[in-house]
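Working notes for the structure below.
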Amino acid sequence: MIREGVARVLKELLNIEEIPFNVPPQQELGDFSSAVCLSMAKQRRQSPMKIAQELAERLKSKLPPYMKDIGVSPPGYLNFIVDWPALAQDLIPRILQEGELFGKPVSQPGKKVFIEHTSVNPNKAMHIGHLRNSVLGDTVARVLKWSGFSTEVCNYIDDTGLQVVDVVTALLYLAPPSFTEGSDFKAIWGKFPADQPFDYFCWDLYARFQNELEKNPSLLEKREEVLHKIEGEIHPIAGFAKELATKIVQSHLETVAQLSIFYDLLNWESDIIARGFWETTFELLKGKGALRFETEGPNEGCWVVPFGGIVETAEGMKSLDKILVRSNGSLTYTGKDVAYQLWKFGLLKKDFLYKRWGSQANGEMLWTTAKEGEPGEKLSKSFGHAEMVINVIDTRQGYPQQVVVECLRQMGFKKEANKSIHMAYEVVNLSQQSARLLGASRSRLGMEETEEKKSYAMSGRSGTGVKAKDFIQMVKQKVIEKADHPLKESVASTLASAAIRYYLLKFTLESQIVFDFDEALKTTGDTGVYLEYAHARACSILRKAKEQKIDLQWRKDCIPKQLTETERGLLDGLSKFSSAVSKTGKTLRVSQLTEYAFDLATSFSNFYERPDPGADVQTPFIHLRDQELQTFRLSLVWAFQKVMGNMLNLMGMPMLERI
RNA sequence: GCGCCUGUAGCUCAGAUGGAUAGAGCUACGGACUUCUAAUCCGUGGGUCGGAGGUUCGAAUCCUCUCAGGCGCGCCA
């Protein structure tokens with residue numbers, strides 16, 4: 001806000017696009033500075049010092065907002081001295097008045113962003129890697145909504161894939177009683193133990209099935225049989241599979257709800273097929289010549305997107321071309337994805353049928369696509385037809401995502417191709433110690449006895465991974481242990497949720513998280529707990545002030561002539577809120593949120609601990625004799641509490657009034 | 001083989017558009033609680049930003065090469 005004001009004036013004066021700012025090495029020089037003059041020196045053929053001096057004079061005669069003075073230092077830096085009282089006078093009452101709306105950009109009517117995240121195979125429990133996806137997606141959605149977009153969040157359910165087939169086959173045939181033609185599924189449902197979550201049982205079962213497949217090839221035939229029956233959609237097994245997937249999806253939704261993650265729509269892959277999305281897409285692609293039918297070579301009999309031809313790899317010759325339709329006529333995942341992407345933009349003439357899934361803990365209705373649902377026109381809301389599409393998928397799927405975008409481009413949907421964003425993030429792996437703790441043997445991890453690796457990939461196939469619900473429970477337990485007083489259940493849950501979201505958010509997208517229990521269970525320092533603590537502390541101060549009947553009414557004459565270092569620090573932090581969030585909305589680098597939030601909380605802690613940094617004694621705000629100063633400092637606390645609350649909201653962390 | 005990503009303090013990581021002396025947290029050591037909440041704060045220690053060239057007045061940041069690690073290149077999803 002301070003820097004934006006200066007940047008606006010400078011841009012006008014200099015006619016350049018971006019103004020870089022930084023912090024001077026000595027505080028005496030100024031509160032912040034810019035090196036624009038240095039970079040201008042060459043093209044203007046003037047010494048940077050001279051440019052800076054001239055510019056400073058021009059700025060001084062027409063001071064930007066909140067500026068007290070502008071100085072110059074060699075070799076040509078512009079140093080800005082902030083008029084802190086003026087800033088306080090504008091900023092604090094605005095924060096207090098606007099509350100949740102403070103710093104929010106004006107909305108952009110009609111601009112809709114479609115965000116897909118989570119999209120976990122509905123055949124087993126979620127693990128912490130899936131959680132990273134959900135937290136990233138949910139946070140981006142929150143930030144974009146705040147930025148003024150209308151958002152639609154969807155969770156894609158791949159119910160037609162082999163993973164579901166595997167678990168169904170395992171349930172029906174791996175252990176007695178086996179399914180027999182004509183029988184009902186009562187005995188099969190009876191296999192689920194009462195003392196274990198549904199999705200946990202499937203987790204183990206899936207891993208066991210992968211193991212059994214190698215030993216017992218007859219299961220392969222069974223699997224093939226189950227696959228066809230599910231695809232046929234008429235056999236009772238198809239209904240059973242759908243029921244199973246539905247139950248798992250329910251488990252997933254319950255899991256992420258613990259981290260305040262909700263959706264607008266569940267999109268079932270089977271509905272993409274049933275609604276004939278592909279047929280339309282196929283014609284479009286063929287019409288544009290984007291598809292090629294292979295009559296020879298390794299992809300003989302397939303419809304492919306040409307994407308680089310045949311290349312030599314470590315494992316021999318391979319084709320880079322992407323198959324969309326297999327030689328047996330069936331559709332690949334990428335094929336479905338192209339059709340689905342078209343639907344998201346409203347480019348398909350076809351639509352799903354919808355019905356209500358149920359209301360969620362955030363009060364919003366969750367919809368699902370369904371064969372027996374209603375057409376979109378009959379609903380009060382419309383799904384899809386987005387301006388921009390963000391797919392939160394891990395980086396390993398970069399190649400197929402590229403194919404999807406390329407298909408759009410080839411079909412002539414250039415604008416939509418450019419607005420298709422693959423939000424790619426690195427996976428979560430397990431540290432050596434974590435892998436050991438999970439009891440993963442070397443052989444199960446697929447490694448030699450002497451081999452040592454830094455990290456281990458989680459694997460559904462081998463059942464190696466930290467299950468999301470376990471992790472949430474562990475963090476909760478840890479938070480309770482670490483507290484110096486008994487915690488209410490709800491407080492522990494909130495702290496755990498904040499800690500987990502923070503942990504999954506603070507890494508940059510390119511950073512591979514090597515999950516380590518010690519690291520992930522930390523409750524001190526750079527953690528979500530710190531943010532909650534700072535917020536709750538501010539609440540406590542305000543609560544106590546009210547109890548003591550201290551007048552919190554803002555008066556502009558309460559501002560001191562000189563602000564202390566920690567007061568300035570907090571004020572500066574508060575003033576950066578809007579630009580910090582806006583920046584995240586543009587870059588989608590959500591780790592910048594935790595970075596800013598931590599900085600803000602730190603500046604508050606510093607202010608709280610040392611409001612008068614030079615003094616020997618620090619007086620608690622509510623004991624201050626100077627009523628003006630008391631009002632000012634308590635107003636700062638209040639403003640912090642509001643802005644921190646807004647930050648917590650944006651990161652999906654529930655607020656606590658006291659811990 | 002080709003492509004993408006990563007390499008910054010003992011450990012885990014930030015460092016958007018190139019800017020002045022590269023920052024946090026954890027760990028270690030030393031200090032501050034009859035409290036507005038010590039899950040906090042203050043201090044000390046810790047770095048040839050993987051390496052080598054180059055561009056630039058100026059490079060952790062841009063370019064080239066190189067070393068090390070991860071991932072991708074399925075008629076899986």
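Convention: sequence-line order gives letters A, B, ...; per-chain numbering from 1.
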Inset, instruction - Have a look at A:Tyr608 and say if it touches a base, only the backbone sugar-phosphate, or nothing, with a 4.0 Å heavy-atom cut-off. - result: base
Inset, instruction - State the pairing partner of B:A20; accept Watson-Crick or G-U wobble contacts with both distances under 3.5 Å, and report none otherwise. - result: none
Inset, instruction - Name the nucleic acid region contacted by A:Asn123, choosing base, sugar-phosphate or nothing; use a 4.0 angstrom heavy-atom cut-off, strictly under. - result: nothing
Inset, instruction - Name the nucleic acid region contacted by A:Leu495, choosing base, sugar-phosphate or nothing; use a 4.0 angstrom heavy-atom cut-off, strictly under. - result: base
Inset, instruction - Could you tell me whether A:Arg543 contacts a base, only the sugar-phosphate backbone, or nothing, with contacts defined as non-hydrogen atoms closer than 4.0 Å? - result: nothing
Inset, instruction - Answer with base, sugar-phosphate or nothing: what part of the nucleic acid does A:Ile659 contact at a heavy-atom distance below 4.0 Å? - result: base
Legend entry - Test of ring centre spacing under 6.0 Å for A:Phe282 and A:Trp303: yes
Legend entry - Distance below 4.0 Å between A:Thr508 side-chain N/O and B:A14 OP1 or OP2: yes
Legend entry - Any-strand Watson-Crick or G-U partner of B:C41, both distances under 3.5 Å: B:G31
Inset, instruction - Select one nucleotide: of B:U21, B:U40, B:G19, the one nearest the side-chain heavy atoms of A:Asn22. - result: B:G19
Inset, instruction - Tell me the partner of B:G25, counting only Watson-Crick (N1-N3 plus N6-O4 or O6-N4) or G-U wobble (N1-O2 and O6-N3) with both under 3.5 Å; none if nothing fits. - result: B:C11
Legend entry - Shortest side-chain distance from A:Tyr399, nucleotide among B:A39, B:C36, B:G72: B:G72
Legend entry - Residue-phosphate contact under 4.0 Å: A:Lys506 side-chain N/O, B:C13 OP1/OP2: no
Inset, instruction - Mind checking A:Val427 for me? I need base, sugar-phosphate or nothing, with any heavy atom below 4.0 Å counting as a touch. - result: nothing
Inset, instruction - For A:Ala483, report the nucleic acid contact type (base, sugar-phosphate, nothing); a contact means any heavy atom under 4.0 Å. - result: base
Legend entry - Per A:Val529 side chain, nearest of listed nucleotides B:G74, B:C36, B:A39: B:A39
Inset, instruction - Answer yes or no: does a side-chain N or O of A:Ser511 lie under 4.0 Å from OP1 or OP2 of B:A14? - result: yes
Legend entry - Mate of B:A52 where both pairing distances stay under 3.5 Å, Watson-Crick or G-U: B:U64
Legend entry - Nearest-neighbour nucleotide for the A:Lys583 side chain, B:A16, B:A20, B:A39 considered: B:A16
Inset, instruction - Assign A:Leu320 to base, sugar-phosphate, or nothing according to its heavy-atom contacts below 4.0 angstrom with the strands shown. - result: sugar-phosphate
Legend entry - Closest to the A:Pro25 side chain, choosing from B:G15, B:U37, B:U21: B:U21
Legend entry - A:Arg537 charged N/C atom sitting above A:Tyr608 aromatic ring, 6.0 Å / 45°: yes
Legend entry - Nucleotide of B:A14, B:G15, B:G19 approaching A:Phe507 most closely (side-chain heavy atoms): B:A14
Legend entry - Residue-phosphate contact under 4.0 Å: A:Lys544 side-chain N/O, B:U37 OP1/OP2: yes
Legend entry - Within 45° cone of A:Phe307 ring axis and under 6.0 Å: A:Lys322 NZ or CZ: no
Inset, instruction - Assign A:Ala545 to base, sugar-phosphate, or nothing according to its heavy-atom contacts below 4.0 angstrom with the strands shown. - result: nothing
Inset, instruction - Can you tell me, in whole Å, how much space there is between the P of B:U64 and that of B:C5? - result: 12 Å
Inset, instruction - Look at the aromatic rings of A:Phe32 and A:Phe80 and report parallel, tilted or perpendicular, splitting at 30° and 60°. - result: parallel
Legend entry - With A:Asp516, the side-chain contact (heavy atoms from CB on, under 4.5 Å) member among A:Lys522, A:Gln433, A:Gln432: A:Gln433
Legend entry - Donor-acceptor pair present, A:Thr602 side chain and B:A24 base, under 3.5 Å: no
Inset, instruction - Report yes if a donor N or O on one partner sits less than 3.5 Å from an acceptor N or O on the other, where the partners are the side chain of A:Asp599 and the base of B:A14; otherwise report no. - result: no
Inset, instruction - Examine B:C42: is either OP1 or OP2 under 4.0 Å from a nitrogen or oxygen in the side chain of A:Asn606? Give yes or no. - result: yes
Inset, instruction - May I ask you to verify if any side-chain N or O of A:Tyr596 is less than 4.0 angstrom from the OP1 or OP2 atom of B:G15? - result: no
Legend entry - Whichever of A:Cys302 and A:Ala601 has its nearest RNA chain B nucleotide further upstream toward 5': A:Ala601
Inset, instruction - Mind checking A:Pro298 for me? I need base, sugar-phosphate or nothing, with any heavy atom below 4.0 Å counting as a touch. - result: base
Legend entry - Rounded P spacing from B:U17 to B:G70 in Å: 29 Å
Legend entry - More than 12 heavy atoms from other groups under 6.0 Å of CD on A:Gln618: yes
Inset, instruction - For the side chain of A:Lys482, starting at C-beta, report the closest nucleotide among B:C75, B:A39, B:U37. - result: B:A39
Legend entry - Geometric class of the A:Phe604/A:Phe640 ring pair [parallel <30°, tilted 30-60°, perpendicular >60°]: parallel
Legend entry - Assigned partner base of B:G3, Watson-Crick or wobble definition, under 3.5 Å: B:C71
Inset, instruction - Give the nucleotide from the list B:U12, B:C75, B:A16 with an atom nearest to the side chain of A:Arg326. - result: B:C75
Inset, instruction - Please determine, for B:C36, whether a Watson-Crick or G-U wobble partner exists with both distances under 3.5 Å, and give it or none. - result: none
Inset, instruction - Can you figure out which of B:U21, B:C41, B:C75 approaches the side chain of A:Gln26 most closely? - result: B:U21
Legend entry - Polar side-chain contact A:Ser327-B:C75 base: donor and acceptor under 3.5 Å: yes
Inset, instruction - Please check the phosphate of B:C36 (OP1 and OP2 only) for any side-chain N or O of A:Arg537 closer than 4.0 Å. - result: no
Legend entry - Interatomic distance where CZ belongs to A:Phe21 and P belongs to B:G15 [whole Å]: 20 Å
Inset, instruction - Could you check which of B:C36, B:A20, B:C75 has an atom nearest any side-chain atom of A:Tyr77? - result: B:A20
Inset, instruction - Have a look at A:Leu624 and say if it touches a base, only the backbone sugar-phosphate, or nothing, with a 4.0 Å heavy-atom cut-off. - result: nothing
Inset, instruction - Quick one: label A:Gln548 by what it contacts on the DNA or RNA (base, sugar-phosphate, nothing), any heavy atom closer than 4.0 Å. - result: nothing
Inset, instruction - Name the pairing partner of B:C76, where a pair is Watson-Crick or G-U wobble with both distances under 3.5 Å, or state none. - result: none
Inset, instruction - Starting from the 5' end of RNA chain B, give me the residue, A:Ser34 or A:Glu657, whose nearest nucleotide shows up first. - result: A:Ser34
Legend entry - For B:G47, the Watson-Crick or wobble partner whose two distances fall under 3.5 Å: none
Inset, instruction - Using a heavy-atom cut-off of under 4.0 Å over every strand shown, decide if A:Pro75 touches base, sugar-phosphate, or nothing. - result: nothing
Inset, instruction - Scan A:Lys586 against the nucleic acid and name what it touches under 4.0 Å (heavy atoms): base, sugar-phosphate only, or nothing. - result: nothing
Inset, instruction - Would you confirm whether the ring centroid of A:Tyr340 sits within less than 6.0 angstrom of the ring centroid of A:Tyr156? - result: yes
Legend entry - B:A39 base stacked by A:Tyr530 (centroids within less than 5.5 Å, tilt under 30°): no
Inset, instruction - For the pair A:Glu231 (side chain) and A:His228 (backbone), establish whether a donor and an acceptor sit closer than 3.5 Å, ignoring hydrogens and angles. - result: no
